[in-house]
Amino acid sequence: MGALFGCSSGEPSSVAMAATGEGGAQGGSAAMVPKYVFLFIGDGMSYPQIQATAYFNGAQQRGEESTIERVSFMDFPVIGSQYTYDSTSFCPDSASTATSIASGRKTASGVINVSPDASERFETIAEKLKRQLGYKVGVLTSVNLNHAMPAAFYAHQQSRKNYCEIGQELIASGFDYFAGGGLLNPTGASDNRIDLYEAARDAGYEVARTYDEGAAQVAEAETGSLMLTACEDEQLREAYERTVAVGAGDQEDMTQEEYVHYGTYEPFTVTLTHLLNRKSGVDFSTCAHSGLTVPVFALGAGAEVFDGFYDNTEIYAKLAALTGVA
């Protein structure tokens with residue numbers, strides 16, 4: 001019996017990892033087996049995002065004084081760094097990079113736990129821990145439960161956009177707990193296909209979907225104004241018009257200039273975000289994927305093995321070695 005929750009969705013890379021627990025030490029702490037493993041993934045969070053957060057926290061605490069307020073995991077005893085390239089790109093996406101972490105294998109951008117030609121299926125660390133050692137496994141996320149990052153621990157698909165098929169694999173995984181954003185495309189392309197929520201109930205999951213339709217939360221606006229230059233105003237107008245006419249697009253349907261400006265996101269939203277970032281003094285060079293090295297923070301039994309520089313596939317290998325799965 002498990003529990004599947006579909007609630008609000010958001011968008012959560014660095015990998016902040018805590019392997020905590022106890023075990024029989026055999027010749028030193030490196031031999032300790034963790035009782036529990038908690039793997040936290042901040043999707044799109046590398047050193048600049050962590051630094052910006054520490055700056056923001058400091059500004060919130062100290063006002064006009066320039067200082068930083070460290071994020072809690074910055075004080076973990078072990079900090080490593082991982083390379084994130086995949087088999088087709090030095091600027092990969094969530095599907096291929098999460099596949100590397102979950103299964104220790106490289107694949108193409110947009111692909112989840114299968115080889116680029118789909119001829120080989122990869123078993124994930126979560127699946128091995130469940131099958132070989134009887135671990136209880138839960139997947140919690142701030143995005144949709146069948147989105148690429150959480151799906152990389154239970155699904156095997158040639159396209160991250162196969163949302164209904166990914167949802168079916170979620171149900172078939174037998175994992176003990178899921179919590180996150182509502183399932184995308186829960187009935188697939190066919191109106192005759194059983195709804196994923198109903199299929200989850202039929203499989204023995206307890207499904208809870210909480211929402212408060214029609215009740216808008218009204219927050220008091222602070223007094224003040226945001227002044228835009230004529231150029232910024234024009235950028236926002238163009239982005240709004242493109243959003244109304246086209247919405248979010250795929251890279252193959254965009255010019256290079258459009259892709260640089262908007263990525264695959266909704267143009268108005270991403271343009272407004274960039275304008276606010278620039279006004280606040282914090283901005284990033286791209287709204288698309290990048291190839292930045294990503295930090296790993298580790299705490300607990302076996303944490304020391306996550307020190308140093310390594311490929312993201314080593315996350316899987318280190319976890320497998322610590323927990324003893326084959």
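In this chain, residues are counted from 1 in sequence order.
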Exercise for the section: Assess whether side chain to side chain contact (heavy atoms under 4.5 Å, CB included) is satisfied between Thr97 and Ser100, documenting all intermediate values. Expected result: CA-CA 5 Å; Thr97 50; Ser100 292; 5.5 Å; no
Practice task
Starting from the C-alpha separation in whole Å, work towards a yes-or-no answer on side chain to side chain contact (heavy atoms under 4.5 Å, CB included) for Ile50 and Phe73.
Solution key: CA-CA 10 Å; Ile50 296 170; Phe73 54 75; 4.0 Å; yes
Handout entry: Lys/Arg-Asp/Glu bridge criterion (N-O < 4.0 Å) met for Arg237, Glu241
Key = yes
Practice task
Give a yes or no on whether the backbone of Val325 and the side-chain of Lys128 come within a donor-acceptor separation of less than 3.5 Å.
Solution key: no
Handout entry: Check: Thr107 side chain, Val114 main-chain N or O, donor-acceptor pair, under 3.5 Å
Key = yes
Problem - Side chain Gln132, main chain Ala326, donor-acceptor under 3.5 Å - result: yes
Practice task
Say whether, by atom type as modelled, one donor and one acceptor occur between the side chain of Asp86 and the main chain of Ser109 under 3.5 angstrom.
Solution key: yes
Practice task
Would you mind reporting whether Leu140 and Tyr177 have side-chain heavy atoms less than 4.5 Å apart?
Solution key: yes
Handout entry: Within the 6.0 Å centroid threshold, strictly below: Phe178 and Tyr154
Key = yes
Practice task
Look at the side-chain heavy atoms of Ile, Leu, Val, Met, Phe, Trp and Tyr, link any pair under 4.5 Å apart, and say whether Phe122 and Leu129 land in one connected group.
Solution key: no
Practice task
Give the minimum heavy-atom separation between Phe175 and Ala126, together with the two atoms involved.
Solution key: CZ-CB, 3.7 Å
Exercise for the section: Working to the nearest 0.5 Å, report the span between OH of Tyr310 and CD of Gln82. Expected result: 6.5 Å
Problem - Donor-acceptor under 3.5 Å (Glu234 side chain, Cys231 main chain) - result: no
Practice task
Let me see the working for Asn312 and Val294 under side chain to side chain contact (heavy atoms under 4.5 Å, CB included), right down to the final yes or no.
Solution key: CA-CA 9 Å; Asn312 57 3; Val294 168; over 6 Å; no
Fill in the blank from the handout: dist Phe56:CZ -> Gln49:CD (nearest 0.5 Å) comes out at 15.0 Å
Handout entry: Side chain proximity check, Ile194 to Asp202, heavy atoms < 4.5 angstrom
Key = yes
Handout entry: Nearest-0.5 Å distance that lies between atom OG1 in Thr313 and atom NZ in Lys318
Key = 10.0 Å
Practice task
Drop me the distance from Phe306's CZ to Ile79's CD1, to the nearest 0.5 angstrom.
Solution key: 14.0 Å
Problem - Backbone N/O of Leu145 and side chain of Thr141: donor-acceptor pair under 3.5 Å - result: no
Fill in the blank from the handout: Rounded to the nearest 0.5 angstrom, the CD-CZ distance for Glu206 and Arg201 is 10.5 Å
Practice task
Kindly say whether Cys91 contributes a backbone atom to a donor-acceptor pair with the side chain of Ser89 at under 3.5 angstrom?
Solution key: yes
Exercise for the section: Give a yes or no on whether the backbone of Leu183 and the side-chain of Asn144 come within a donor-acceptor separation of less than 3.5 Å. Expected result: no
Completion exercise
salt bridge (charged side-chain N to carboxylate O under 4.0 Å, His left out) pairs touching residues 100-116, sequence neighbours excluded, are Arg105-Glu120, Lys106-Asp311
Handout entry: Side-chain (Asp195) to main-chain (Thr187) donor-acceptor, under 3.5 angstrom
Key = no
Exercise for the section: Scan residues 163-174 for pairs that pass side-chain hydrogen bond (donor to acceptor under 3.5 Å, both in side chains), counting only residues two or more places apart or in two chains. Expected result: His156-Glu169, Gln157-Glu169
Problem - Pairwise distance OG(Ser142) to CE(Met149) - rounded to 0.5 angstrom - result: 10.5 Å
Exercise for the section: Quick one: sort the Tyr83 and Phe309 rings into parallel, tilted or perpendicular, breaks at 30° and 60°. Expected result: tilted
Handout entry: Close side-chain approach of Pro186 and Cys164, heavy atoms under 4.5 Å
Key = no
Practice task
Answer yes if Val111 and Ile125 sit in the same cluster of Ile, Leu, Val, Met, Phe, Trp and Tyr residues linked by side chain heavy atoms under 4.5 Å apart, and no otherwise.
Solution key: no
Problem - Stepwise side chain to side chain contact (heavy atoms under 4.5 Å, CB included) check, Ile101 with Leu39 - result: CA-CA 10 Å; Ile101 294 172; Leu39 175 62; 3.9 Å; yes
Problem - Common cluster, Val139/Leu184, ILVMFWY with side-chain heavy-atom separation under 4.5 Å - result: no
Problem - Any donor-acceptor N or O pair under 3.5 Å, side chains Ser96, Asp93 - result: yes
Exercise for the section: Inspect the surroundings of OH in Tyr85 and state if more than 12 heavy atoms from other residues, nucleotides or ligands are less than 6.0 Å away. Expected result: no
Practice task
Measure up the Phe40 and Phe38 rings against each other and bin them: parallel (under 30°), tilted (30 to 60°), perpendicular (over 60°).
Solution key: parallel
Exercise for the section: Find out whether Lys130 and Asp176 are in side-chain contact, i.e. whether some heavy atom of one side chain is under 4.5 Å from a heavy atom of the other. Expected result: yes
